[in-house]
Amino acid sequence: MAGELSPIDKAKFVAAKRAVDFIEDGMRVGLGTGSTAAWMVRCLGELVQKDGLKIKGVPTSTRTAKLAREVGIEVVTLDEAKWLDITIDGADEFDKDLNLIKGGGGALLQEKIVATASDQMIVIADVGKEVETLGSFPLPIEVIPFGWKTTKSLTEELLVSMDVLGQEISLRMTGDSPFKTDEGNYILDLHLGRIGNPYQMAMVLNQIPGVVENGLFIDICDVVILGYGDGRVETRDINEGTVAKDRLEFQESDNLFTDLQD
């Protein structure tokens, strides 16, 4: 299995494999959305099926919920779990302070709710997601469909006064129709190039009428686990100020992963 993976998928796999080492029996676990998070859900499913790990998973999207059930993880709602021990999710970008841009998969609202309802948030990523300054990846904001063009115009006016390189905003599409989140909302992608003050940006965007949430995760992430294509793993804990390095060996026999595609 792993011998046929691309270097980028190997990096995602080893980061996910290391992340599930943080999971203990009986935990309530937030399950992220996206290609890297899908590796983590598969790894957890392997522990549930082979080692008898007992956890309750709170998914951040309908597709994550579907995958979790397929691999044998007990799925509950956040209201049922009330509070989570840990959330493991991917990121589209992160900086040295472990601030993130998320929402490339369109699940940013549920992802942020779940992450902030957790004692700890762990982000798993390949090394290419690390940036000096956030903003190269388009920043998504979730907006209600009613009056979305007005919301877009108000956002464009706001960006004129912000420390950014670009001000283009596009409506995310699925074919000829607007992409819809699990809540039935739209996504506007802000092509900013660079976000000079992500703290300010995260605060002011949510003041715009029609904006439900933005994809800046500020002071939420505790640990980033970086995977490399050669099996190396780097774990950065911002609270402890530590960096741990390791290498994981691939197991060719893990058929849980043979059908997982990006």
Side-chain angles (χ1 to χ4, degrees), residues 11-41 43-44 47 53 55-61 64 68 73 78 81-105 107-134 137 139 195 197-199 201-203 213-228 232-246 248:
K12 293 176 180 180
F13 173 70
V14 295
K17 198 75 169 176
R18 171 59 71 230
V20 299
D21 289 341
F22 285 77
I23 306 302
E24 299 176 3
D25 209 52
M27 278 188 168
R28 294 159 296 180
V29 183
L31 306 174
T33 294
S35 61
T36 309
W39 286 109
M40 175 271 300
V41 173
C43 288
L44 276 178
L47 293 177
L53 178 71
I55 61 170
K56 296 182 185 297
V58 175
T60 54
S61 66
T64 294
I73 297 173
L78 182 57
K82 296 184 174 62
W83 194 259
L84 305 178
D85 298 287
I86 195 169
T87 287
I88 303 177
D89 205 345
D92 298 302
E93 282 186 350
F94 73 92
D95 64 16
K96 62 180 178 60
D97 297 318
L98 305 195
N99 293 318
L100 321 168
I101 287 181
K102 288 181 52 56
L108 63 101
L109 177 58
Q110 289 191 29
E111 288 174 334
K112 188 173 283 189
I113 292 171
V114 168
T116 54
S118 305
D119 288 335
Q120 186 179 40
M121 182 190 188
I122 295 177
V123 162
I124 48 178
D126 59 86
V127 68
K129 300 298 174 61
E130 183 174 11
V131 296
E132 184 174 342
T133 304
L134 296 176
F137 190 91
L139 173 65
I195 302 173
N197 190 334
Y199 292 85
M201 180 70 74
M203 180 176 63
E213 190 52 83
N214 68 82
L216 284 166
F217 283 51
I218 307 297
D219 294 334
I220 296 175
C221 176
D222 300 287
V223 175
V224 164
I225 301 178
L226 278 179
Y228 294 79
R232 286 180 295 138
V233 182
E234 184 176 305
T235 303
R236 303 180 190 174
D237 188 319
I238 196 168
N239 298 315
E240 300 294 332
T242 58
V243 178
K245 298 183 179 182
D246 194 6
L248 297 183

Specify the closest pair of heavy atoms between [X] and [Y], including all atoms of both residues, with the distance to one decimal.
X	Y	value
Ala19	Ile225	CA-CD1, 3.5 Å
Phe22	Gln120	CD2-OE1, 4.3 Å
Val123	Ala91	CG1-CB, 3.7 Å
Leu100	Phe94	CD2-CB, 3.6 Å
Ala15	Ala125	CB-O, 4.0 Å
Ala117	Trp83	O-CD2, 3.2 Å

Listed partners of [X] passing side chain to side chain donor-acceptor pair (under 3.5 Å), at least two apart:
X	result
Arg28	none
Thr64	Thr33, Ser61
Asp222	Asn239
Asp95	none

Gap separating the [atom1] atom of [X] from the [atom2] atom of [Y], nearest 0.5 angstrom:
X	Y	atom1	atom2	result
Asn214	Met201	CG	CE	9.0 Å
Thr235	Lys245	OG1	NZ	11.0 Å
Ile122	Thr87	CD1	OG1	9.5 Å
Asp25	Ile55	CG	CD1	9.0 Å
Leu78	Leu84	CG	CG	5.5 Å
Thr116	Glu111	OG1	CD	11.5 Å

Residues that [X] engages under side-chain contact (heavy atoms from CB on, under 4.5 Å), provided they are two or more places apart:
X	value
Gln110	Thr60, Asp182, Glu183
Ile238	Leu98
Glu240	Asp237, Thr242
Asp126	Ile8, Ala11, Lys12, Lys129

Do the side chains of [Y] and [X] get nearer than 4.5 Å, heavy atoms only?
X	Y	value
Leu44	Leu31	yes
Val29	Ile73	no
Ile101	Ile195	yes

Short question: side chain of [X], backbone of [Y] - any donor-acceptor pair under 3.5 Å?
X	Y	result
Lys102	Gly90	yes
Asp219	Asn99	no
Asp92	Gly103	yes

Salt bridge (charged side-chain N to carboxylate O under 4.0 Å, His left out) partners of Asp21, counting only residues at least two apart: Arg18

Under the salt bridge (charged side-chain N to carboxylate O under 4.0 Å, His left out) rule, collect the residues that match up with Glu24, sequence neighbours excluded. none

With salt bridge (charged side-chain N to carboxylate O under 4.0 Å, His left out) as the rule and sequence neighbours excluded, what pairs involving residues 115-125 come up? none

Ionic contact status for Arg232 with Glu234, cut-off 4.0 Å: no

